[in-house]
Amino acid sequence: MSALPRHLPQAFFARDALEVARDLIGTLLVRDDVVLRLTEVEAYREGDSANHCRAGKTARNAPMWGPPGHAYLYLCYGLHHLLNLVTDRDGVGAAVLVRSAEIVAGHDTVLARRRAVPGPAALRPALLTGPGKVAQALGLDLAWNDHPLYRRGGLELRARRPGDEPALATGPRVGIDYADPADRVAPWRIADRDSRWVSVRKALVG
DNA sequence: AGAGTGATGTTCT
DNA sequence: GAACATCACTCTA
């Protein structure tokens with residue numbers, strides 16, 4: 001396998017979640033032999049009624065209030081671990097949820113973790129479109145909370161590959177019917193317009 | 001392809 | 001006790 005692009009520095013994450021979300025499409029999540037290219041994310045910002053931090057700091061959302069560039073994981077519906085990347089400055093509760101990705105390397109490991117039957121038929125978007133699937137493919141659980149992504153080791157985030165300048169599509173975030181109307185329709189879901197490895201493709205524009 | 005539904009456990013009212 | 005940033009499976013067309 002060819003050399004990976006550079007790590008993104010902590011300063012990359014120390015901005016508004018929406019800005020970070022746009023820049024995350026096309027970047028690489030790396031763990032052991034698995035390399036995933038991000039194709040779909042959602043921003044959860046300060047003052048956002050869909051944000052886990054809307055009611056203040058709790059034991060669950062504590063990592064979101066911490067320094068940028070760390071992981072925030074939580075258990076959704078009692079079954080699925082969801083991976084977020086903490087954004088904005090220390091003391092602000094904001095993050096970007098990773099919704100979908102495509103496989104760059106480590107196909108066999110991903111298939112095994114996803115409990116898919118090995119073979120060409122398994123390598124289709126349904127394998128990795130959805131936040132629970134991405135975390136499962138990376139082998140992540142709550143033990144990865146607070147893990148820094150801007151340093152070598154464990155779970156890492158690296159820059160886009162040379163020449164990868166994805167066109168973006170946007171749409172409303174998924175599964176936040178409880179939020180205020182304005183936040184519910186805000187186009188804070190960002191995707192790679194030209195990738196098939198994106199969930200709920202229908203609601204996207206651009 | 002689209003709608004319906006059960007699984008499963010933590011968090012918050 | 002209800003809600004929940006979901007998934008995989010089953011119908012019906």
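Note that the structure is a prediction, hence the values are computed from the model and not measured. In what follows, every chain begins at residue 1, and chains take the letters A, B, ... in the order their sequences are listed.
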The single option from A/T170, A/V96, A/I190 that satisfies side chain to side chain contact (heavy atoms under 4.5 Å, CB included) with A/L18 is A/I190
For DNA chain C, what is the dot-bracket line, given that a base pair needs Watson-Crick (N1 to N3, plus N6-O4 or O6-N4) or G-U wobble (N1-O2 and O6-N3) geometry with both distances under 3.5 Å, and | means paired with another strand? ||||.|||||||.
Nucleotide interval of DNA chain B bounded by contacts with chain A (heavy-atom cut-off, under 4.0 Å): B/dA7 to B/dC12
Test A/W144 against A/L138 for side chain to side chain contact (heavy atoms under 4.5 Å, CB included), laying out the working first. CA-CA 11 Å; A/W144 288 84; A/L138 291 166; over 6 Å; no
Residues within residues 166-179 of chain A bordering DNA chain C, heavy-atom distance below 4.0 Å: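 A/V174, A/G175, A/I176, A/Y178, in order of number.
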Check DNA chain C against residues 81-93 of chain A and give the residues with a non-hydrogen atom under 4.0 Å, in numerical order. A/L82, A/N84
Is it the case that the side chain of [X] and the backbone of [Y] share a donor-acceptor pair, with hydrogens and angles ignored and the cut-off at 3.5 Å?
| X | Y | answer |
| --- | --- | --- |
| A/N51 | A/G93 | yes |
| A/D164 | A/R161 | no |
| A/T39 | A/S100 | yes |
| A/R160 | A/I25 | yes |

Test item: A/P166 and A/R37 side chains (from C-beta on) under 4.5 Å apart, heavy atoms: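 Of all side-chain heavy-atom pairs linking A/R37 with A/P166, at least one is under 4.5 Å.
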Are A/F12 and A/L157 close enough that some pair of their side-chain heavy atoms sits under 4.5 Å apart?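 Yes. Closest side-chain heavy atoms under 4.5 Å.
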Mind running a 4.0 Å heavy-atom check of residues 47-67 of chain A against DNA chain B and sending the residues that fall below it, in number order?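 A/T58, A/R60, in order of number.
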Can I get a per-line list of side-chain donor-acceptor pairs under 3.5 Å for residues 113-136 of chain A, giving both atom names and the distance, sequence neighbours left out?
from, atom 1, to, atom 2, distance (Å)
A/R113, NH1, A/A137, O, 2.8
A/R113, NH2, A/D32, OD2, 2.7
A/R114, NE, A/L127, O, 2.7
A/R114, NH1, A/Q136, OE1, 2.7
A/R114, NH2, A/L127, O, 3.4
A/R124, NH1, A/A121, O, 3.3
A/T129, OG1, A/P125, O, 3.1
A/K133, NZ, A/A126, O, 2.8
A/K133, NZ, A/T129, O, 3.3
A/Q136, NE2, A/R113, O, 3.2

Can you tell me which residue pairs pass the side chain to side chain donor-acceptor pair (under 3.5 Å) test with a partner in residues 5-18 of chain A, sequence neighbours excluded?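 Applying side chain to side chain donor-acceptor pair (under 3.5 Å) to every pair that reaches into residues 5-18 of chain A, excluding sequence neighbours, yields A/H7-A/E156, A/Q10-A/Y150, A/R15-A/D23, A/D16-A/R45.
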Only counting residues at least two apart or in another chain, list the ones meeting side-chain contact (heavy atoms from CB on, under 4.5 Å) with A/V174. A/E42, A/R99, A/R189, A/V200
Using the test side-chain contact (heavy atoms from CB on, under 4.5 Å), find all partners of A/D183 that sit at least two apart in sequence or belong to another chain. A/D48, A/S49, A/R173, A/A179, A/D180, A/W188
Which value, rounded to the nearest 0.5 Å, describes the distance between A/L73 atom CG and A/N145 atom CG? 5.5 Å
For residues A/Y74 and A/H52, establish whether the separation of their ring centroids is below 6.0 Å.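 Distance test on ring centres: under 6.0 Å, yes.
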For nucleotides 7-9 of chain C, which of its nitrogen or oxygen atoms have a protein nitrogen or oxygen under 3.5 Å away, and what is each distance?
from, atom 1, to, atom 2, distance (Å)
C/dC7, OP1, A/G130, O, 3.3
C/dC7, OP1, A/P131, N, 3.2
C/dC7, OP1, A/G132, N, 2.8
C/dC7, OP1, A/K133, N, 3.2
C/dC7, O4', A/H80, NE2, 3.1
C/dA8, OP1, A/R114, NH1, 3.0
C/dA8, OP1, A/R114, NH2, 3.1

Which protein N or O atoms sit under 3.5 Å from an N or O of nucleotides 10-13 of chain C?
none

Can you establish whether the number of heavy atoms outside A/R184 located under 6.0 Å from its atom CZ is more than 12?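 Enclosed.
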With a 3.5 Å cut-off and sequence neighbours excluded, list the donor-acceptor pairs that the side chains of residues 77-92 of chain A form with protein atoms.
from, atom 1, to, atom 2, distance (Å)
A/N84, ND2, A/Y72, O, 3.3

